[in-house]
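Numbering of ligands and ligand atoms starts at 1, following listing order. The structure displayed is predicted, hence computed values, not measured ones. The residues of the chain are indexed from 1 along the displayed sequence. Values below: every heavy atom of this structure, side chains too, minus hydrogens, waters and symmetry copies.
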Amino acid sequence: MASSGSPAPCGRLCLSQASLAWLGATLLLLADCVLLRPALPRIFSLLVTALVGPNGSGKSTVAALLQNLYQPTGGQLLLDGKPLPQYEHHYLHQWVAAVGQEPQLFGRSFQENIAYGLIQKPTMEKVIAAAMKAGAHSFISELPQGYDTEVGEAGNQLSGGQRQAVALARALIRNPYVLILDDATSALDANSQLRVEQLLYESPERYSRSVLLITQRLSSVEQADHILFLDGGTICEAGTHQQLMKNKGRYWAMVQAPGGSGAPE
Ligand SMILES: Nc1ncnc2c1ncn2[C@@H]1O[C@H](COP(=O)(O)OP(=O)(O)OP(=O)(O)O)[C@@H](O)[C@H]1O
Ligand SMILES: [Mg+2]
């Protein structure tokens with residue numbers, strides 16, 4: 001079993017015929033599929049994989065499976081070729097960071113929320129750097145108590161977008177090798193969303209992590225290395241934006257639909 005002192009994983013996350021039965025209600029059946037595949041050696045770009053699809057198609061469930069929050073009822077999930085349950089919880093969370101649709105904060109200060117779960121207390125510079133990347137620094141620094149301000153019970157004194165920005169900072173400060181963003185920027189304002197997109201696609205960090213980007217905002221997945229379209233728990237289309245647009249299939253239809261990204265073919 002990998003220990004917390006083990007080297008970082010390469011970030012190769014793979015679903016091997018993984019399926020999950022929800023008490024007979026829904027069956028997620030994911031065919032063999034490498035979700036996040038970094039090219040080695042590391043000087044090559046790691047992948048940004050986008051997972052898109054209609055509501056209830058199973059995107060968050062895939063994210064939960066990848067975090068080892070659920071065990072698949074069939075098949076397995078592999079990180080660097082090894083089943084996820086074989087990793088220590090702490091090890092996984094050291095390298096795999098996820099921000100969910102409705103992130104939970106703790107009734108502590110901003111600083112403690114961003115540093116939450118780290119073994120070594122980070123320097124204030126690191127906390128601020130992560131907050132800046134996530135678009136949280138400007139509103140935190142405007143508060144009289146700054147990073148020492150308490151966020152209220154479960155962060156209830158913050159707006160949805162502010163909660164997301166703090167949760168994003170908490171994930172980024174870990175420098176994760178695998179970053180899972182499950183609709184994690186939906187409440188951010190346009191500027192902050194743009195900053196996060198630049199972080200995913202243009203920053204030097206792009207070369208040191210794999211990203212699974214789940215979003216309804218199709219314009220933000222156009223640059224992804226790989227787009228997976230999920231429906232009814234099954235990946236029914238996969239490719240780049242250009243390939244999927246050419247196919248004129250489900251992804252194309254979603255882009256064309258009112259409220260889609262409206263991206264030209
Ligand atoms: N804990 C659970 N128990 C039973 N069914 C569940 C559970 N979690 C999710 N489901 C079901 O699994 C299906 C997929 O849900 P999931 O949350 O993964 O969809 P999603 O693609 O993330 O949707 P959205 O775009 O709305 O976020 C849904 O039909 C949902 O009702
Ligand atoms: Mg979801």
If we number the atoms of ligand 1 from 1 as shown, the ones under 4.0 Å from a heavy atom of K59 are 18 (O), 19 (O), 20 (P), 21 (O), 22 (O), 23 (O), 24 (P), 25 (O)

task: Begin with the C-alpha distance, continue with both residues' side-chain angles, and end with the deciding distance and a verdict on side-chain hydrogen bond (donor to acceptor under 3.5 Å, both in side chains) for S60 and D182.
output: CA-CA 6 Å; S60 296; D182 182 0; 2.6 Å; yes

Looking only at non-hydrogen atoms, the one of S186, A63, G56 nearest atom 13 (C) of ligand 1 is G56

Minimum side-chain heavy-atom gap L199-L172 below 4.5 Å: yes

Under 4.0 Å from one or more heavy atoms of Y70, ligand 1 contributes atoms 1 (N)

Numbered in order shown, the ligand 1 atoms found under 4.0 Å of a heavy atom of P54 are 21 (O)

> Will you find, in the side chains of S186 and Q164, an N or O donor that is under 3.5 Å from an N or O acceptor?
Replying inline: yes

Ranking G100, G232, S60 by closest non-hydrogen atom to atom 17 (O) of ligand 1, top hit is S60

Atoms of ligand 1 under 4.0 Å from any heavy atom of Q216, numbered from 1 in the order shown, are 25 (O)

Q.
Are the side chains of V52 and I214 in contact, using a 4.5 Å heavy-atom criterion?
A. no

- Is S60 close enough to the Mg ion (ligand 2) to have an N, O or S atom under 2.8 Å? yes

request  = Would you indicate whether Q198, at its atom CD, is surrounded by more than 12 heavy atoms from other residues, nucleotides or ligands within a distance under 6.0 Å?
outcome  = yes

### Query
If you count the non-hydrogen atoms of other residues, nucleotides and ligands that lie under 6.0 Å from CZ in R174, is the total more than 12?
yes

If we number the atoms of ligand 1 from 1 as shown, the ones under 4.0 Å from a heavy atom of N55 are 23 (O), 24 (P), 25 (O), 26 (O)

**Metal check, the Mg ion (ligand 2) vs N55 N/O/S, cut-off below 2.8 Å** = no

Pair E202 + R195: basic N to acidic O under 4.0 Å: no

Please report whether ligand 1 has a polar contact with D183, defined as an N or O pair separated by less than 3.5 Å (distance criterion only). no

Counting from 1 in the order shown, the ligand 1 atoms closer than 4.0 Å to a non-hydrogen atom of Q101 are 27 (O)

Looking at F106, I want to see if its CZ is surrounded by more than 12 non-hydrogen atoms of other residues, nucleotides or ligands under 6.0 Å. yes

